[in-house]
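Here the structure comes first, spelled out in structure tokens, and everything after it is commentary.
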Amino acid sequence: MLMIRRLYDYKDLLLVFIWRELLIRYKQTLIGVLWAVLQPLSLMGLFTFIFGIVLNTAHKDYPYVLFFYAGVLPWTFFSGAANFAVTSLSGNFNLITKIYFPREIIPLSGVAINLIDYVVGFIVYLLLMAFYRIPLTWNFLWIVPLICLLVLYTTSVSLLLAALNVYYRDVKMASAFLMLFLFFATPVIYSIDTVDNRWKLLLFLNPLTFIVESMRRVTIEGRGVVPWQMALETAGVLLLYVLVYRVFTRIERAFADVI
Amino acid sequence: MSSETIIEFRDVWKKYSKQQVLNNSLREELVAFITGKRRRDDLSEGEFWALRDISFAVGNGECIGLHGPNGSGKSTILKLISRVTYPTRGNITVSGRVAPLIELGAGMHLDLTGMENIYMNGTILGLSIRELKYKVDEIIEFSDLKDFINVPVKKYSSGMYLRLAFSIAVHSPAEIFLFDEVLAVGDEDFQGQCLSKIRALLNKGKTMIVVSHDMEKLGQICTRLLGVTVGVMSAD
């Protein structure tokens, strides 16, 4: 693909960037990599307490803990990578204005470290599923293309936010709001099944809606994805990615002049 | 010395903007992207020419000294060679890997140790991890920081910091080295070390562009001097 060919010569730099971020992140921390698990687990605990105990709303006929954790995990990955990306280029201006390398390496390293956290968090998810005795089915394998779709969408959004923030620092301000907005537009704390049909279509414009809902379907419910939804969302995300990456490589040449 | 051309500038113009918010620039890029037309290359309000009609060629193994007053465009020339920025008009051909020592330690991270920074800064300068593993002892040896290599760089003195940065940079396998005012940093001892290392690289057939105010030092190492005044070049 487009990006892989460009990055091949710089794969070591990408590796070192990922390694650097991990080093910096866990230097002088007490529990280190456990943070990767603690964050989604504590969010899950909070949501379970509020929606399961305080408000006592029922979404599905399976444990709340699984329901929320399945939603929180992809959301944490997406928002973590996007938040990292926003200031990733503008914050590294001393590198950008002095040395050439494909600029997407910096936001991409953010996607990569959040993917590592995601994988660690996913192991906990598997343990939770075993604990609640959820039967494994072949449909579970759908999780692989769904994760690919999630990574591709997250990459596109990260590149876009990172590039725009080079030009306008307003993006940083707006993105905090955008993330909150997207959080509610994604069925993390609710299920799309409880939504009126009129709004469903609108919500499905957000690829995360499809991804989060389908992840619950294929892992906990043991059902397959809806094929036409999968096809449409994949096409949409691919289109977004190609467009964003083209624009990115185009305006990248001017980053050092405007940063 | 071979006369094979390794860097060539043909009628290069470069404009910069004085404005803080560059909304024009993004709009121009996007319009150019969508319509497929070339970007505007004339001056509009708030813009100025940093370089005007620069043409020169550098042969393989040459050492060029660039001198001129502040703001005359010397650093812009280096940035164009290292592809950090692109010309508004004209063409640039560079054949070979470039190691830009434009600001020593640009890729360093203060929380990381000296050893970790060797890998960080080395890959930024275009070395692969394999090359670095092979060269790491040499780099530490040259920097003379053996006892401090596992200490975070934030605890280094500024001299130690510079020694490490310079040492990493000159071990790059690039064909072209760009030095921007690095001759002006550090104490006498360190400057002497820098100069002898630059000479050693030249003997290995590397191409070099050195920017400095210090005409005397430039004269000591360079094969040819080029003067830049307000974006226009004059050859000596």
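Chain naming here is simple, since letters A, B, ... match the order of the sequence lines and numbering starts at 1 in each.
Looking at Tyr119(B), the atoms closer than 4.5 Å to chain A (heavy atoms on both sides) sit in the backbone and in the side chain alike. Looking at Tyr10(A), the atoms closer than 4.5 Å to chain B (heavy atoms on both sides) all sit in the side chain, from C-beta outward. Only the side chain of Arg103(A) comes within contact range of chain B, judged by heavy atoms closer than 4.5 Å. With a threshold of 4.5 angstrom between heavy atoms, Ile96(A) approaches chain B through N, CA, C or O but not through any side-chain atom. Contact annotation for Thr76(B): neither backbone nor side-chain heavy atoms come within less than 4.5 Å of a heavy atom of chain A.
For the pair Lys14(B) and Asp257(A), the salt-bridge criterion is met [side-chain N within less than 4.0 Å of a carboxylate O].
Atoms OG and NZ, from Ser128(B) and Lys11(A) in turn, are 7.5 Å apart once rounded to the nearest 0.5 Å. For the atom pair CD1 of Ile124(B) and CG of Asp12(A), the computed distance is 12.5 Å after rounding to the nearest 0.5 Å. Between atom NE2 of residue His109(B) and atom CG of residue Asn92(A) there is a gap of 8.5 Å, rounded to the nearest 0.5 Å. The distance from the CZ atom of Arg20(A) to the CG atom of Asn117(B) is 9.0 Å, given to the nearest 0.5 Å. A distance of 5.0 Å separates CG of Leu112(B) from CD1 of Ile24(A), quoted to the nearest 0.5 Å. Once rounded to the nearest 0.5 Å, the distance linking CG of Asp111(B) with CZ of Arg25(A) reads 14.5 Å.
Remark: Phe181(A) CZ is loosely packed, at most 12 non-hydrogen atoms of other residues, nucleotides or ligands lying under 6.0 Å away. In Ile31(A), the CD1 atom is crowded: over 12 heavy atoms of neighbouring residues, nucleotides or ligands sit closer than 6.0 Å. Other residues, nucleotides and ligands place no more than 12 heavy atoms under 6.0 Å from the NZ atom of Lys133(B). Few gaps surround CD on Glu8(B); more than 12 heavy atoms of other groups in view lie less than 6.0 Å from it. Within a 6.0 Å radius of OH in Tyr134(B), other residues, nucleotides and ligands contribute 12 heavy atoms or fewer.
Of all non-hydrogen atoms in Arg83(B) and Tyr100(A), the two that sit nearest each other are O-CD1, 3.2 Å.
Screening Leu125(B), Thr123(B), Leu127(B) for a side-chain contact (heavy atoms from CB on, under 4.5 Å) with Leu13(A), the sole residue that qualifies is Thr123(B).
The most heavy-atom pairs under 4.5 Å with chain B, out of Phe255(A), Trp19(A), Phe101(A), come from Trp19(A). Taking chain A as the reference chain and counting heavy-atom pairs below 4.5 Å, the highest number among Thr85(B), Ile129(B), Leu78(B) is found for Ile129(B).
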